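So the structure is just underneath, and the comments pick up after that.
We number each residue from 1, following the sequence as shown. Computed from heavy atoms alone, side chains included, the values below leave out hydrogens, waters and symmetry copies. The model shown is predicted, which means the values in this text are computed figures rather than measured ones.
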Amino acid sequence: MRATGMTDDDRPLRCLVTGATGYIGGRLVPELLAAGHSVRCLARAPGKLRDHPWAGRAETVRGDVTDERAVRAAMEGMDVAYYLVHALGTGRGFEETDRRAARVFGEQARAAGIRRIVYLGGLSPSGVPEHALSPHLRSRAEVGRILLASGVPTAVLRAAVIIGSGSASFEMLRYLTERLPVMVTPSWVRTRIQPIAVRDVLRFLVGCARLPYDVNRVFDIGGPDIVTYEEMMRRYAVVAALPKRLILPVPLLTPRLSSLWVGLVTPVPGALARPLVESLRHEVVCAERDIVRYVPDPPEGPVGLDRAIRLALRRVQDADVATRWSSASTPRAPSDPLPTDPDWAGGSLYTDHRERTVAASPQALWQLVEAIGGENGWYSSPLAWSLRGRLDTLVGGVGLRRGRRDANRLRVGDSLDFWRVEEIEPGRLLRLRAEMRLPGLAWLEMAVDRDAQGRTVYRQRALFHPHGLAGHVYWWGVAPFHAAVFGGMARNIAAAAESAAPEPARTH
């Protein structure tokens, strides 16, 4: 059924996406492709896009949005142009850079005959004069005005906090809540905001491609919940199954001091933290929801805050470590992390990585990997593994008493002492998920491979996703023993494979 007021032209559209290496852009491209449109990406570093699952289905051209010729060439033959870039974090002159880029984009869109510009900006507080806004919000508003005045029909979507793994706003919320059971916070934690799930943002962006040609305006977009930042932190703690957080707002922390505080507690860079914090000084709530006249809500309604948080945490909660942290080959939900997300996105993940070249065949090495655990042992300090098993039993865990089903073969779902087989690729990969009592989620990966010289290589990764402050304390508490436990394990597995390898035939 056609949405009210949409255009009659149902043919697939040709869409130019700027900012495809960014948070929203990288998630918008597959949504546009799924809607049947063709996509061209304009990127300063196209190589950053090659690991995306959709990379082979979208065209990529090199260029900067401040370069008139590059922008004009990228727009050639396009119907819709998405403007999803900003110069935030590039230095004090970011407002002038944003201004220049928006003018170039608007002028070249008009010259190329683009039918529609779609821009995602920040939700400005009502009743607050523009000069009183943060530089971040002021620049976003100015970019919107420049595009609206370009002569090309433009839809300016304004959102407050976007909830999805990888969003700078959500990552700040994630780290603050997980790392601080007791928080002395700035007074802005009691400012009302209207967060929105990333999948709803993408739904609106895709829908705006077919807006009627006479629509040239700003739309406020937000989710169904209006909350304070303090309430967001409390609801995050509930969804993430963290203990109740004690939050003590104080009036003395200025935006600058607040951003320094956020930078100290979280890995979100200060250049991003400060404009985010400054944006929270004023209430940011939607003044209208006119967008639903053109892009109606789904039958189940927009995504609420709790579900948005749950979706953003789903990869970790479901323990899908392969897709979440290392694989780009499977389809992803809009709330999942992407290869182009910054290193600090997606929550904390501690790793212990070991690698050894082994003078044995991959088959001989794999036999040892698949036979690990149970009566065969773990190829490192028996005392350390025994103590860990006893400790787990004392706190109500499964300990080491389960052993293994078969002495030589494993399959997905098998229990293996206090681990469970989560993934197995015969001859190549064994991934175990910890079922011991831990303040977090843990995996152990063992992989068999060959290097460029054709030599057999053993790769081992221990991964730990901490749950709250206790998880971080646990990891650093056991870190001094990793060399003995994990280092010894990698060393001994390699040695065992080499000693079991048949001696080369002698020539006489």
Side-chain angles (χ1 to χ4, degrees), residues 7 9 11-33 35-50 52 54-88 90 93-121 139-157 205-206 208-218 340:
T7 62
D9 188 355
R11 68 177 177 84
L13 300 174
R14 296 160 297 182
C15 302
L16 174 69
V17 176
T18 61
T21 58
Y23 175 68
I24 292 295
R27 289 158 172 83
L28 175 62
V29 172
E31 299 296 316
L32 289 169
L33 292 170
H37 305 310
S38 61
V39 177
R40 177 185 293 165
C41 301
L42 175 66
R44 286 183 296 178
K48 291 184 178 180
L49 301 176
R50 63 172 176 255
H52 284 276
W54 46 260
R57 296 187 294 139
E59 179 187 358
T60 302
V61 296
R62 185 184 300 274
D64 189 278
V65 288
T66 59
D67 183 335
E68 293 185 9
R69 287 194 294 179
V71 172
R72 177 60 188 273
M75 287 184 172
E76 198 66 39
M78 295 290 104
D79 299 308
V80 181
Y82 285 90
Y83 191 81
L84 304 174
V85 296
H86 58 84
L88 178 63
T90 60
F94 81 90
E95 288 182 88
E96 174 54 33
T97 302
D98 274 340
R99 186 179 302 121
R100 185 172 73 255
R103 285 174 179 159
V104 167
F105 198 81
E107 290 168 0
Q108 298 309 313
R110 183 174 182 179
I114 294 291
R115 295 164 53 184
R116 160 84 41 206
I117 294 174
V118 183
Y119 166 61
L120 178 64
S139 179
R140 291 292 187 92
E142 183 181 18
V143 167
R145 286 199 308 274
I146 292 170
L147 295 176
L148 286 167
S150 66
V152 177
T154 297
V156 174
L157 305 185
L205 286 169
V206 173
C208 281
R210 293 198 184 277
L211 287 177
Y213 303 130
D214 60 349
V215 174
N216 186 62
R217 57 163 291 183
V218 172
T340 50

Subject >> Trace of the side-chain contact (heavy atoms from CB on, under 4.5 Å) decision for L49 with W54 >> reply: CA-CA 9 Å; L49 301 176; W54 46 260; 4.0 Å; yes
Which atom pair, heavy atoms only, marks the closest approach of [X] to [Y]?
{"X": "A209", "Y": "V80", "answer": "O-CG2, 3.8 Å"}
{"X": "C15", "Y": "H37", "answer": "SG-CB, 4.0 Å"}
{"X": "A102", "Y": "V143", "answer": "CB-CG1, 3.9 Å"}
{"X": "L205", "Y": "Y82", "answer": "O-OH, 2.7 Å"}
{"X": "M78", "Y": "I114", "answer": "O-CD1, 3.4 Å"}
{"X": "V206", "Y": "L32", "answer": "CG2-CD2, 4.0 Å"}

Using only atom types and a distance under 3.5 Å, with no angle test, would you say the side chain of [X] pairs donor to acceptor with the backbone of [Y]?
{"X": "R110", "Y": "G106", "result": "no"}
{"X": "R40", "Y": "V61", "result": "no"}
{"X": "T154", "Y": "L147", "result": "yes"}
{"X": "S150", "Y": "R103", "result": "no"}
{"X": "R116", "Y": "V215", "result": "yes"}
{"X": "R44", "Y": "G63", "result": "no"}

Subject >> Pairing residues for Y83 by the ring pair (Phe, Tyr, Trp, His ring centres under 6.0 Å) criterion, not counting sequence neighbours >> reply: F105, Y119
Original post:
More than 12 foreign heavy atoms under 6.0 Å from CZ of R50: is that the case here?
Top reply: no
Approximate separation, where rounding is to 0.5 Å, of [X] [atom1] and [Y] [atom2]:
{"X": "I117", "Y": "I146", "atom1": "CD1", "atom2": "CD1", "answer": "11.5 Å"}
{"X": "D98", "Y": "R140", "atom1": "CG", "atom2": "CZ", "answer": "7.5 Å"}
{"X": "H52", "Y": "R57", "atom1": "NE2", "atom2": "CZ", "answer": "12.5 Å"}

Original post:
Which pairs, with at least one residue in residues 70-79 and sequence neighbours excluded, count as a salt bridge (charged side-chain N to carboxylate O under 4.0 Å, His left out)?
Top reply: R11-D79, R14-D79, R72-E76, D79-R115
Subject >> Under the salt bridge (Lys or Arg N to Asp or Glu O under 4.0 Å) test, residues paired with E68 that sit two or more places apart >> reply: none
**OP:** Using a 4.5 Å cut-off on heavy atoms from C-beta on, say whether the side chain of L148 contacts that of V218.
**Re:** yes
Original post:
Got L84 and V17 here, is their nearest side-chain heavy-atom distance under 4.5 Å?
Top reply: yes
